[in-house]
Participant: 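Pasting a structure here, questions to come.
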There are 4 protein chains.
Amino acid sequence: MASPNDDMFGGFDMNSIDYVLPDDINGDLLDGNFFFVGNIPTKEEYPGPFNFTLTMDTNGQKWVYSKPLEQVFIGMNKVLVLNFHTELQLPLDEGYYIRALPVYSNNEHINVPVCRCTFHAFEDDPQSQAHHTPDKCRCEEFNNVGHVVRAQCRDAIYCFDKHSGRHSVMIPVNRPQPGSDKIAIPYSFACKTSCQGGMQRRAIHLIFTLETIDGSILGRRILGIKICSCPKRDKERQEKDFYADKLGENQSKQRLPQSNNEPKTKKIKLEHLELLQPPKAPVDGDLKREIKDFKKMFDDFSSSLNSLMSMHSKMLQKMKRIDELQRSFTF
Amino acid sequence: MASPNDDMFGGFDMNSIDYVLPDDINGDLLDGNFFFVGNIPTKEEYPGPFNFTLTMDTNGQKWVYSKPLEQVFIGMNKVLVLNFHTELQLPLDEGYYIRALPVYSNNEHINVPVCRCTFHAFEDDPQSQAHHTPDKCRCEEFNNVGHVVRAQCRDAIYCFDKHSGRHSVMIPVNRPQPGSDKIAIPYSFACKTSCQGGMQRRAIHLIFTLETIDGSILGRRILGIKICSCPKRDKERQEKDFYADKLGENQSKQRLPQSNNEPKTKKIKLEHLELLQPPKAPVDGDLKREIKDFKKMFDDFSSSLNSLMSMHSKMLQKMKRIDELQRSFTF
Amino acid sequence: MASPNDDMFGGFDMNSIDYVLPDDINGDLLDGNFFFVGNIPTKEEYPGPFNFTLTMDTNGQKWVYSKPLEQVFIGMNKVLVLNFHTELQLPLDEGYYIRALPVYSNNEHINVPVCRCTFHAFEDDPQSQAHHTPDKCRCEEFNNVGHVVRAQCRDAIYCFDKHSGRHSVMIPVNRPQPGSDKIAIPYSFACKTSCQGGMQRRAIHLIFTLETIDGSILGRRILGIKICSCPKRDKERQEKDFYADKLGENQSKQRLPQSNNEPKTKKIKLEHLELLQPPKAPVDGDLKREIKDFKKMFDDFSSSLNSLMSMHSKMLQKMKRIDELQRSFTF
Amino acid sequence: MASPNDDMFGGFDMNSIDYVLPDDINGDLLDGNFFFVGNIPTKEEYPGPFNFTLTMDTNGQKWVYSKPLEQVFIGMNKVLVLNFHTELQLPLDEGYYIRALPVYSNNEHINVPVCRCTFHAFEDDPQSQAHHTPDKCRCEEFNNVGHVVRAQCRDAIYCFDKHSGRHSVMIPVNRPQPGSDKIAIPYSFACKTSCQGGMQRRAIHLIFTLETIDGSILGRRILGIKICSCPKRDKERQEKDFYADKLGENQSKQRLPQSNNEPKTKKIKLEHLELLQPPKAPVDGDLKREIKDFKKMFDDFSSSLNSLMSMHSKMLQKMKRIDELQRSFTF
DNA sequence: CAACATGTAGATGCACATGTTA
DNA sequence: TAACATGTGCATCTACATGTTG
Ligand SMILES: [Zn+2]
Ligand SMILES: [Zn+2]
Ligand SMILES: [Zn+2]
Ligand SMILES: [Zn+2]
């Protein structure tokens, strides 16, 4: 995870927080599109060959940034300007893009796409026409109804990946950059992290990737974000909790398995709409009802399968680790 | 508004709280259908010619009733059994009905129909097909998607008034009642009073009317209700506030509190309701094909799953073996 | 499920309870070994071509039988004599067997084999040598350590099915039967239904199948059983509950989906041994620990997969039903 | 037995309950190692030359302490932090340890070692390899399988005395203590007092001894403890019984109650303990192969699972489509 | 921004299930 | 067989998360 450091870009933007990480592993593995493990996007920072970095100006903003939590707190539909920068000049022969993709922070939900909630989506597309068929997205025709993350600029490209079902937004960076390759992108967010029938109080991270037109990934940066009504209050409370936790932790130095940048886990009620639907008697062998029932079963099954997948992906990691360990043994 | 009085139905049901009002004013004025003032239903109690009354058994229920507030507090989708009774025998030559209609308590919203929220409606009708055209309601085809108030019995009739845009539910009472005309109706509620994009924290009342088939109103009873997650807590708080207010009487500084239930003066007759009975029709060829396709996919999936299981069981064995081996080694 | 009727085998055994069912469906489907749906044995009664029946003498026994519950209550290691009978003479050219197989009553656990608990198994095989490898069972060498159901006769054959991991016991019936083919088998049970680390308070049924030597199934009978310390007390309590439930049910005639002979569901704590194991710090990249961790993850995954399978099998049923319904539609 | 006295460590920790006993009898008799009478450890308090004391903070803990019973009630695997203290500075030339040893309270069982139950031990060592030979203990290799009492700190030393067959845990206290020699040890307990095949509802006491490296005993403190599921309830009941008994004093008709803690008179020295440090050894070739195999299987499984997921996602689409179709039809 | 409204998750408590003792 | 011991499941409560109001 990024370790902010306020004074880089010497003399350039003193209030910018820097997210540059020391060159890390696994960058080389990723040269295709999203690097998915069963629909799970990577949340690893990756400066890449051009040292792709993310900074932000935290002064006088309407949002707040928590250093210890490495997280932005912002109101819905407010603008968050982020600065992206590459240390080395990008070759100009190609088109480059910065993609912003939201993912759930918690591993339990990381495999489900982050979408708008029914309530907010209803305003833009009351009849769910934009996503009538699951592998097709007509968001553009409906005010980008499905996109939580938006870029407030003309040249934003709203994307939908039909395999993962995820929405993201891309900004081209191929305009000539004077001096250093720095670009400021004004983002906004069209749902709260707490939206019922949407993110449902599940924390999210934003994944920013520097990509070529063909989807090759040249850098990746991660940023935690909470979209809520009282950013300041929530930031303060969470920081307080964070420090309290750290104190309690120090005492007995507990090893928490919280992999990735998964925050302290907390069970979330996934409003699977209590199906206490009126206990109707079997009116008559009604096909319709049966299909409906099956649909419910199938939905349950699917969510079960999802959690299975998440377990599986954890096993995959572990297996990798074991493999490494084992190889390194001398025998 | 109902004022409970514990000793009616002498020796009938000692745990029933009785809502009979001493014959009150203006009852005689109302002998026709609903009385609206620009889509505003009447919230006046009216025993009518048969002394129509509402009672309930408050013992050992999952909901709670606040006497001072004259309000029921209940969880979503929980059942509230209400007892209706007429002192005089209803003539048997006609059909009678008891209608339940929710209205906002506050005058500011009393003219807007009480509907389900986008979130909960989405479950039953993601494409808002049931209310595609404003003066038409196809709720019946969509699990009564728009109805907040439901009756958990077979013979419930779900109504929609196209002039007011209001949903209500009716129960026929024309079956011969032995002894007294008492009927117990199990209601449930498919949204919370706080539902975002629905009732939005606006208090509501239920209006129960005894009607003939042609819509003439023979009695009316009112009951405040709050559908929420913590009925007990909320009842207690609101009662506390209620008493606190009564003390400081003059400065009523509450937010948007539970009611302005003043009797309206001008009233208008409610349209006759369209009783949509779900017309049975044959399954469509398209659907049939889709189902067939799905079945095929499902079969494939199942066999795949089976082979997965067999792989899994082999893994289980292997894992056991590894475990043994590992344990037997000291390293 | 069997409907006991005390006076069959006219003059033969007046106290025998009869489990004959009117010839039922699906018998013809089963002519192989166990009829598994993803490791789920069938719990349907099937008299078969010889009208295979199960009776018992309920007088003066140390165990008790509850007619309404269709269940035997018996102490651990006590003997339960069951009488099996075929109406038609079995052809003598072949060997026949009666197999007794215990399964969990509740669908949630029906796919996991019924085994002895760690505590009781420990006495016979402290080092778990009998089931060192999962597809091999050396129970015979260890006092039949894994068998909950035992037959107290010399010619009992203790079986293990490596695919399902289930233990069962078979008795040959090929000795010449005078008059009617009746055989009395004395069973006993080596664990309680409540055994921690074994059945863990999960209700079970016994499945008795009449089989040929090659595993063809000629009849099947089902019997609920609870092995406990106070059979009488528990029977009485459960009957009381049963009747109380029936009363409450009649009132509002709720449609419970409790398929098969699954009793009223009750969540069971599957002592997955709270792994609050001392939060050890990562001493050093210890392969051993990693493997152990992986094992835990794998175990969780496996149990998840199991429940997935159970959901899947329910979906299978539903799909079948839909298919039938759909075919029967005229369009 | 400890008798709490609230005001020691004047001004030190007001919430700490202090267990210092006024120098009691026979303390001076014991200046060597454990004192056994045929494998019976001493349960006498002994402040020793440094006034060794035991205190605990009973505020806001997840466990409860009963003063009248002089006993802690705690859930399994929960942490109990105990504070040990010596009034006089320990000479720094030697290593000192605090040992925690559980013993049965009742004289009838005091001579049998307190061990983990078969059920809980099974998790860590299904084949009972750790205690294959009675005078050898390889607990360390099996997650300390035999130890009921554990210390949640890195430097815990798990001991086994082959003569008595008892497991205990020691914590070194030889690090320089600023000011007073106070040390807080977080203990946890890996079986319930009621565990079948283990403690089997037999009450236990913990014996804490301050020892030198060579086993000389410099102090001893005793604490009753019950590890159970409902600490609060059980504490209250036992206190009630305790007071009831005190009233009816004479007829002590309790079942197998919490203690006969009478001082034993004859004592014997405990053997020197073998401190098994887990010897690191290379991985075995067999294991390596198995892991490799498993990895392969797992990879296959994973890819299978992936394809399953893709099938599943197609089914999801189809299901959605069916749902739409079905909704749009009135049948 | 403070006070409040209201949903959620985890803790607590209670009634029951079930073994044990006498 | 009755009284008790003790684990379990569920109902309830409490603290908190988070939106809303003024
Ligand atoms: Zn939203
Ligand atoms: Zn709603
Ligand atoms: Zn057992
Ligand atoms: Zn145990």
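Numbers restart at 1 for each chain; the letters A, B, ... are given by sequence-line order, proteins then strands.
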Participant: Less than 4.5 Å apart, side chain to side chain, heavy atoms only: is that true for Ile225(D) and Leu80(D)?
Facilitator: yes
Participant: Whole Å only: how far is the CH2 atom of Trp63(D) from the C1' atom of dA11(E)?
Facilitator: 18 Å
Participant: Within this structure, what is the CG-to-C1' distance between Asp241(B) and dT6(E), rounded to whole angstrom?
Facilitator: 13 Å
Participant: Please report the distance, rounded to the nearest Å, between NZ in Lys235(A) and P in dC1(E).
Facilitator: 12 Å
Participant: How many whole angstroms separate atom CZ of Phe242(B) from atom C1' of dC4(E)?
Facilitator: 20 Å
Participant: Please determine, for the side chain of Cys228(D), which listed nucleotide (dC4(E), dG7(F), dA3(F)) has the closest atom?
Facilitator: dG7(F)
Participant: Give Ser229(C) one of three labels, base, sugar-phosphate or nothing, depending on what nucleic acid heavy atoms sit under 4.0 Å from its own.
Facilitator: base
Participant: For dC13(F), does OP1 or OP2 lie under 4.0 Å from any side-chain N or O of Arg233(B)?
Facilitator: no
Participant: Out of curiosity, Phe73(D) CZ to Gln71(D) CD, how far, rounded to the nearest 0.5 Å?
Facilitator: 4.0 Å
Participant: Within the structure shown, what part of the strands sits under 4.0 Å from Lys226(A) by heavy-atom distance: base, sugar-phosphate, or nothing?
Facilitator: sugar-phosphate
Participant: Report the nucleotide, chosen from dG19(F), dT18(E), dT6(E), that has the shortest atom-to-atom distance to any side-chain atom of Ser194(A).
Facilitator: dG19(F)
Participant: Among all residues two or more places apart in sequence or in another chain, which pass the side chain to side chain contact (heavy atoms under 4.5 Å, CB included) test with Glu236(C)?
Facilitator: Lys232(C)
Participant: When the C1' atoms of the five terminal pairs at each end define the local axes, what inter-axis angle does the helix from dC1(E)-dG22(F) to dA22(E)-dT1(F) show, to 10 degrees?
Facilitator: 10°
Participant: Of all the nucleotides listed (dC13(F), dG19(E), dA5(E)), which has the minimum atom distance to the side chain of Asp234(C)?
Facilitator: dG19(E)
Participant: Separation of Arg237(C) atom CZ from dT1(F) atom P, in whole Å?
Facilitator: 15 Å
Participant: Let me know, please, whether Cys230(C) or Ile227(D) comes out on the 5' side of the other along DNA chain F by nearest nucleotide.
Facilitator: Cys230(C)
Participant: Which is more 5' along DNA chain E, the nucleotide nearest Lys62(D) or the one nearest Cys195(C)? Just name the residue.
Facilitator: Lys62(D)
Participant: Can you tell me the distance, in whole Å, between the CZ atom of Arg202(B) and the P atom of dG19(F)?
Facilitator: 19 Å
Participant: Side chain to side chain contact (heavy atoms under 4.5 Å, CB included) with Phe119(A): which residues, sequence neighbours excluded?
Facilitator: Cys117(A), Glu123(A), Thr118(B), Gln196(B), Gln200(B)
Participant: Return no unless some side-chain N or O of Lys192(D) is found under 4.0 Å from OP1 or OP2 of dT8(F).
Facilitator: yes
Participant: Distance check needed: dA17(F) P versus Phe73(A) CZ, whole Å only.
Facilitator: 11 Å
Participant: Does Tyr104(C) have any side chain to side chain contact (heavy atoms under 4.5 Å, CB included) partners at least two apart in sequence or in another chain, and if so, which?
Facilitator: His109(C), Val112(C), Val114(C), Met199(C), Arg202(C), Ile204(C)
Participant: What pairs with Lys226(A) under side chain to side chain donor-acceptor pair (under 3.5 Å), at least two apart in sequence or on another chain?
Facilitator: Asp234(A), Gln238(A)
Participant: Rounded to whole angstrom units, what separation is found between the CE atom of Met76(A) and the P atom of dT18(F)?
Facilitator: 16 Å
Participant: With sequence neighbours excluded, what pairs up with Gln61(A) under the side chain to side chain contact (heavy atoms under 4.5 Å, CB included) test?
Facilitator: Asp57(A), Trp63(A)
